[in-house]
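Take a look at the structure set out below.
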Amino acid sequence: MSLTADSMRCGEFRTTYKADTTIFPTPRSRNFAIAGLIVLLFAPHVLDTYYTNLLIQIGYYGIAALGLNILVGFSGQISLGHSAFFGFGAFASAWISNNFGVPVILAIPLAGLMTTAVGMIVGIPAARIKGLYLAIATLAAQFILEDFFNRADWFSGGSAGSVAQPLNLFGFVFATDKSYFYVVLFFMVVMYLAGSNLLRSRDGRAFVAVRDHYLSAEIMGINLTKYRILAFGVSSFYAGIGGALFGHYLGFVSAEGFTILLSIQFLAMIIIGGLGSVMGTLLGTVFIVLLPEVMEALMTTLGSQLPGLERGVSYLKEMAIGLAIVLFLIFEPDGLAHRWKQIKAYWKLYPFSY
Amino acid sequence: MSYRTAIAAASAVAFGLVSLAAQAAAEIPVGHLATYTGPTSDVGQPYGKGIEDAIEYINRNGGIDGRKIRRETVDYAYQTPRAIATYKGWVSRLKPVAILGWGTADTEALVRFVAQDQIPFISASYSGHLTDPTGKSPHIQTGAPYNFFYGPTYTDSCRALVNWAKQDWESKGGSGKPKFVHMGDNHPYPNAPKEGCAAYAKEIGFQVLPPIVFSLMPGDFKAQCLSLKQAGANYAYLANTAGSNISLLKSCETVGTDVQFLSNVWGFDQESAPAAGKAGDGVVFPGSVPLWNEDVPGMRIVREVSTVSDPAGTQERTLHYVRGICSVFLLRDAMEAAAKEGEITGPAIKAALEQMRDHVPGGLEGVCLPHTFTPENHIGTTSVVGYRSHWNDGKPTLENLGTVELPRRDDWLGW
């Protein structure tokens, strides 16, 4: 029996650099991704609104989280102001579509570009400072932008917020969760493919080089300032797109939603998912979005079983979320992406995992 | 009649009976957006409790036209995005015929949504922006046809206080123009009466100082009190809720300001007086319901409602709790009127509310103020009851200053 591509493989053997840098590591993982996408296409018709809403949340948060992972996981910088960029995208998209008659479908990428510009300005200090100092510099950006949202009546409607029109394409209004799911899915696929692809490119390799050893990278001829600021730009673009999708989904944008808490939540998503992993970003987002819901369901069942506990359920829920995150970080510091790899390895090597 | 038609007829009758029974038993879905946590939870808790108890009381006493109210309460922690997400969830699942809401930011954000979905929204925000159903007012962007609330607007309450301040200034023999200042967070709720009230204060002879910003979250506000002192204000209107206002009063006591404090309807109450201590002495604030120990006919039902969550009946409730009951009973009367006309739907409830002329919710005579809503004007009442807090060396009391009747001016609609 001769070996063909169809026979059971005992490993992945790449003989060219090209084969080593495909978007999907193996043909099987590509097929799984395509199959998953097809399943998702039917999801809103099978699931009820509650679950569709959760999927949409995973979508727009996932896009923004991938942006943060490019900044933190790939280029080795840090940002505590990601939710401000997310908010800026939401306000910008509403502002563009409300004031200039630009259709929402164009306003979303335009808002992404505007956020890129803001992100690159905010990223300028990154040319000079690193680590904790950079974290504080981005924290300042978070507060400056938050205050801007509260005061710039012409842009954000001030403290009263602004209305975001629903997406309208050739007369079809994407106002329901069912239809908006496809909008988010489209952007999600495009942005994730672009993200994975970026990391195969010259610029993506430069990010990784800057992260791993900036001095060596500089000696190799990589312009540190350019790539550090570019990473902020790319990261903000993702945040802006995610935010714009969020704004048009909710139909209303208000400054209160974009606090430091959300920035930290974004960080939690990528740390739990796995720094420097596209797949991990998605897993981390799913984890952070679903955890409160799962805890809510668990605690409600527990509350109905143990009378007298109903009142404490909401507190228990918050505590349980905190506990789950702490336990997770202790037992799985490399994130969900690492765990996923181990599960795959287990099945691949079964039954001879030595 | 053949055997087959007999069966068909019988099953049709049976089906009809079953569906009638189902209809009679069907509950009326009502959403309740509460804030039991977050910056305004200090007053959100008693108000929300009032709503929950009142609905339970109605359900225990026969419901509405034989149907019970199915209340779904969500604590949105005073975060507008969460309120909107909750609302969207309700529209697709609960399909409420009415919503009992809370804050100004979220209520104003939801104005277009509830108008589109035709769901009457009874808010605890008394923002003047919610009172113009047709959108003719130059002070608002869109009309709010499905928004209603119990009591006078924030701006009217503030105008009444300014009226009182004017008399106070004259009775004390003050000379020259008294100075008035608005103090509050940069947030839709404290901002709601800011311009309208300042314009009126100017109109009746006040000098209006630039507003001073202080957070809705209680904190150390000595800096704000120093600016207040420096500006030389005579009357300061506190637009935040009780917790934040108390911190400000305490800070200003330390700084030593000589200002007569006025407060918003959510800014002071029976529970704030002991908490504020001596700093709260003399604060004047508006209300739209009587105090717990006042002897008016409607208080009997209010006390019965209170026993829903306090079976012993010993708890003294704040003004906010009673206002919650008035809001629910206003909605109950509209639902009953709608049921008489046909079905209880959003548009029918709106129509019933808009037919109310000097309407006092049944059974609550003397407690709730008479309300009038029309399709062009959702200012229910312009009567403002004034209260003044007295410290009395540790035995705080509230004095009823009487009722101010404001005119219904066309240029005040939606402001």
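A, B, ... follow the sequence lines: proteins, then strands. Residue 1 opens every chain.
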Residue part contacting chain B, namely of Asn150(A), when any heavy atom lies under 4.5 Å: both
Inter-residue atom distance Arg93(B).CZ - Asp48(A).CG, 0.5 Å rounding: 8.0 Å
Leading residue by heavy atom contact count with chain B [cutoff under 4.5 Å; candidates Gly157(A), Ser254(A), Ala255(A)]: Ser254(A)
Other residues, nucleotides, ligands: >12 heavy atoms within 6.0 Å of Gln45(B) CD: yes
Which portion of Val163(A) sits near chain B, non-hydrogen atoms under 4.5 angstrom: side chain
Check: Ser159(A) and Asn191(B) side chains under 4.5 Å, non-hydrogen atoms: yes
CZ-CZ distance between Phe252(A) and Arg112(B), expressed to the nearest 0.5 angstrom: 9.0 Å
From Phe113(B) atom CZ to Leu250(A) atom CG, the distance as rounded to the nearest 0.5 Å: 6.5 Å
Crowding at CZ, Phe186(A) (>12 non-hydrogen neighbours, <6.0 Å): no
Phe42(A) atom CZ: more than 12 heavy-atom contacts under 6.0 Å: no
Short side-chain to backbone donor-acceptor contact, Lys88(B) and Gly251(A), under 3.5 Å: no
Top of Gly89(B), Ala105(B), Pro81(B), Ala85(B) for chain A proximity - count of heavy-atom pairs under 4.5 angstrom: Pro81(B)
